[in-house]
Amino acid sequence: MGNIDRPLSPHLQIYRPQLTAALSILHRASGVFLAIGSLQLVYWLNALAQGPDSYAQAQAIFGSPVGQLILLPWVLALFYHLCNGIRHLFWDMGLGFEITSVYASGKLVVVAAVVLTLITYGVAYSMQGGAV
Amino acid sequence: MSMRTPLSLVRGHGSAKSGAHHWWAQRLSAIALAPLFLWFVASFLVVAGGDYAAAVSWVRSPLNSALLVLLIGAMFYHAQLGMQVVFEDYISTHWLQVASIILVRFLAMLLAVVSISAVLSVAWGS
């Protein structure tokens, strides 16, 4: 990067960790994770199109511990990205920029994402014994 | 009096008038995806708990197959727009950045078409 003999702005590690910054990068990270995890939907739909045998195989994979290890964080990431995305849309309309609102909505988004994930899994397990 | 800088006047390049397109497309696809995903998770919970026949009849319902196609299209469009921003921000090697964006666009299109094709083949029977 050439000559750095000049004042530099403080980098990330200088700042005290803040909820707002963490949620911001988490929005991006969850988006990337969701994009990669979309392969699950592609696989499920194609397994269904292939017939009963491949569908049963797909259901077994999604229900297995390894399958759940990917699906559960994906569902959580989905609800987080969805809730925080709505938070972003309010900002786009110019609403909720006060520092207290930003923190309140941030906490609300985290709680909503966890609660929606718990509800989803609660319903899934009550309907049958496993695979979402 | 023009507010343009002398350099921009010399270059003669005006605005391409598409500066906000990416931003706007990302918001619109987000607005579409919010209800689509709530519908998808809610109905998928019921479907995935059932057997093969239940899943097939769910996809076969015209409303469900239409919403699935919309979900797939909006999802891969939104994902591709988001990944583009990530690449633009974090890949500083220009050729690699452009190559990554092109690759993700092709991938998103491929996966969307493969998924929609699967939905339609179930919906219309084969």
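Proteins get letters first, then strands, A, B, ... in listed order; numbering begins at 1 in each.
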Tell me whether M83(B) is reachable from L82(A) by hopping between hydrophobic residues (I, L, V, M, F, W, Y) whose side-chain heavy atoms are closer than 4.5 Å. no

Measure L71(B) against the heavy atoms of chain A and call it side chain, backbone, both or neither at under 4.5 Å. side chain

In terms of heavy-atom proximity below 4.5 Å to chain A, should V104(B) be classed as side chain, backbone, both, or neither? neither

Among S117(B), A55(B), A79(B), G82(B), residue most engaged with chain A (heavy-atom pairs, under 4.5 Å): A55(B)

Just wondering, are more than 12 heavy atoms of other shown residues or ligands nearer than 6.0 Å to CH2 in W91(A)? yes

Joint cluster assignment, Y103(A) & F97(A), ILVMFWY side-chain distance < 4.5 Å: no

Is L120(B) in contact with chain A via its backbone, its side chain, both, or neither, using a 4.5 Å heavy-atom distance? neither

Going only through I, L, V, M, F, W and Y residues with side-chain contacts under 4.5 Å, is there a path from L111(B) to V69(B)? yes

Give a yes or no on whether L103(B) and V86(B) share a hydrophobic cluster (residues Ile, Leu, Val, Met, Phe, Trp, Tyr; joining criterion: side-chain heavy atoms under 4.5 Å apart). no

Checked A56(A), C83(A), S38(A), G31(A) vs chain B; the most non-hydrogen pairs under 4.5 Å come from S38(A)

Taking side chain as everything from C-beta outward and backbone as N, CA, C, O, which of these in I119(A) sits under 4.5 Å from a heavy atom of chain B? Side chain, backbone, both or neither. neither

Positions in residues 7-30 of chain A that reach chain B, provided some heavy atom is under 4.5 Å away: I25(A), R28(A)

Considering heavy atoms only, which positions within residues 104-116 of chain A lie below 4.5 Å of chain B? none

Under 4.5 Å from a heavy atom of chain A, the part of D89(B) involved: side chain

If you look only at distance, which donor and acceptor atoms sit under 3.5 Å apart when one is on a side chain in residues 41-52 of chain A and the other is two or more places apart or in another chain?
unit_1, atom_1, unit_2, atom_2, d
W44(A), NE1, Q59(A), OE1, 3.2
N46(A), ND2, V42(A), O, 2.8

ILVMFWY network linking Y121(A) to L78(A), side-chain heavy atoms under 4.5 angstrom: yes

Would you mind checking which part of L34(A) comes under 4.5 Å of any heavy atom in chain B, side chain (CB onward), backbone (N, CA, C, O), both or neither? neither

Most contact-rich option vs chain A, by heavy-atom pairs under 4.5 angstrom, among A53(B), S115(B), A123(B), A112(B), is S115(B)

Exercise: identify the closest heavy-atom pair between A48(B) and Y55(A): CA-OH, 4.4 Å

Taking heavy atoms only and a threshold strictly under 4.5 Å, list by residue number the residues of residues 34-42 of chain B that touch chain A; give 'none' if the list is empty. A34(B), F37(B), L38(B), F40(B), V41(B)

CZ of F106(B): more than 12 outside heavy atoms within 6.0 angstrom? no

CZ-CG distance between R27(B) and D92(A), expressed to the nearest 0.5 angstrom: 4.5 Å

